[in-house]
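Working notes, beginning with the structure itself.
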Number of protein chains: 2
Amino acid sequence: MDSAVVERHRSRARVMKAMAHPTRLFIVEELSQRERCVHELTEMVGVDMSTVSKHLALLKSVGIVTDERRGNEVYYSLRMRCVLKFFECIEDVLAFGCSACERKS
Amino acid sequence: MDSAVVERHRSRARVMKAMAHPTRLFIVEELSQRERCVHELTEMVGVDMSTVSKHLALLKSVGIVTDERRGNEVYYSLRMRCVLKFFECIEDVLAFGCSACERKS
DNA sequence: AGAGTGTTTGGTAAAATTGCCAAATAGCAT
DNA sequence: ATGCTATTTGGCAATTTTACCAAACACTCT
């Protein structure tokens, strides 16, 4: 395959992959309601703050969220709201995907 | 976090993750045009057929594609066309995501 | 300056993903 | 049955991802 084409798909996959994690999906969903600081998100998710911080850094690195420091806290907000469109489709896949019914796990 | 909520996000992430790979994104894009057998996709992608087969199995396991054997060949087709809506948003993220511009890699 | 709070970064071990090869399976045609 | 083609499966090494801890960093307040 053409290397330009490969690179294009790599970029796209990077964006998809940024969302492809339970915690990060939760964060995106949460930020769609309102901005949150790392401390708040950490409480909600229930893992180490450094872990949450790294998830946020990843989401930021592809441009899905932005951050803004206000005093001690860093507030994150959803920058690309279009990603919310994914959720509806994903629910459809989960509902319709009958291979999901056949699946063992 | 509530374990039911965790499980819900895990399921969603499984669907996202199924698409979050350059080769699988390519396959989905390709299948949106027309159905293809493994042999054809393997030629296009340029990796081992067993690898392509595993990518397809993963996409199938979450319900994004279906397969149908016709003689020797197994034809795959896109089952959840809604996933195509992702692409436009991803392009936006790549275009708008200025952290993409600041990014090193 | 110091202490206290909130966040990020570096390091590391465990887990998951990826891709190749070889072997197994499925179907068609002798 | 044997051979041939198409696909899947199992196994394994290399790579990537994840999550913790500890240390560094940023900022506020005294």
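Reminder, nothing fancy here: chain letters follow the sequence lines and each chain counts from 1. What you see is a predicted model; the values in this text were computed from it and never measured.
Cluster membership for A/Leu31 and A/Tyr75, using ILVMFWY side-chain heavy atoms within less than 4.5 angstrom, is not shared. A single hydrophobic cluster is seen to contain both B/Phe26 and A/Val6, as judged by linkage of ILVMFWY side chains at heavy-atom distances under 4.5 Å, directly or through other members.
Applying the disulfide bond (SG atoms under 2.5 Å apart) test to pairs two or more places apart or on separate chains, those with a residue in residues 34-84 of chain B are A/Cys89-B/Cys82.
Within residues 21-42 of chain B, the residues having any heavy atom under 4.0 Å from DNA chain C are, by residue number, B/His21, B/Arg24.
Across all strands shown, A/Tyr76 has heavy atoms under 4.0 Å from sugar-phosphate atoms exclusively, and none from any base.
To the nearest 0.5 angstrom, A/Met80 atom CE is 10.5 Å from B/Ile90 atom CD1. Note that CZ of B/Arg36 and CG of B/Leu78 are 13.5 Å apart. Values are rounded to the nearest 0.5 Å.
In terms of the ring-ring contact (aromatic ring centres under 6.0 Å, His included) criterion, residue partners of B/Phe86 (sequence neighbours excluded) are, by chain and number, A/Phe86.
Spacing between atom CD of B/Glu68 and atom P of C/dA26 amounts to 18 Å, rounded to whole angstrom units. One interatomic measurement links the two molecules: NE2 of B/His55 to P of D/dT7, which rounds to 16 Å at whole-angstrom precision. We find that CD of A/Glu43 is positioned 11 Å from P of C/dT7, with the value rounded to whole Å. Going from atom CE of A/Met19 over to atom P of D/dT18 covers 14 Å, rounded to whole Å. Following rounding to the nearest Å, A/Asp67 (CG) and D/dC25 (C1') show an atom-to-atom distance of 15 Å. Separating the CG atom of B/Leu58 from the C1' atom of D/dT9 is a distance of 15 Å, rounded to the nearest angstrom. Rounded to a whole Å, the NZ atom of B/Lys17 is 9 Å from the P atom of C/dA16. Rounded to an integer number of Å, the gap from A/Tyr75 OH to C/dG6 C1' is 11 Å.
No donor-acceptor pair closer than 3.5 Å links the side chain of B/Arg79 to the backbone N or O of B/Lys60.
Relative to the axis of its first five pairs, the axis of the last five pairs of the helix from C/dA1-D/dT30 to C/dT30-D/dA1 sits at 20°, rounded to 10 degrees.
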Would you tabulate the nitrogen or oxygen pairs shorter than 3.5 Å linking the protein to nucleotides 9-14 of chain C?
{"residue": "C/dG10", "atom": "O6", "partner": "A/Lys54", "partner atom": "NZ", "Å": "2.9"}
{"residue": "C/dG11", "atom": "O6", "partner": "A/Lys54", "partner atom": "NZ", "Å": "2.7"}

Check: protein-nucleotides 27-30 of chain D nitrogen or oxygen pairs below 3.5 Å:
{"residue": "D/dC27", "atom": "O2", "partner": "A/Asn72", "partner atom": "OD1", "Å": "2.9"}

Report task. Please assess B/Val74 against B/Leu56 for the test side chain to side chain contact (heavy atoms under 4.5 Å, CB included), listing each intermediate value before the final yes or no. Result -> CA-CA 11 Å; B/Val74 177; B/Leu56 287 165; over 6 Å; no

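Closest to the B/Glu73 side chain, of the nucleotides D/dA6, D/dT8, D/dT17, is D/dA6.
The number of heavy-atom neighbours closer than 6.0 Å to CD of B/Glu88, taken from other residues, nucleotides and ligands shown, is 12 or below.
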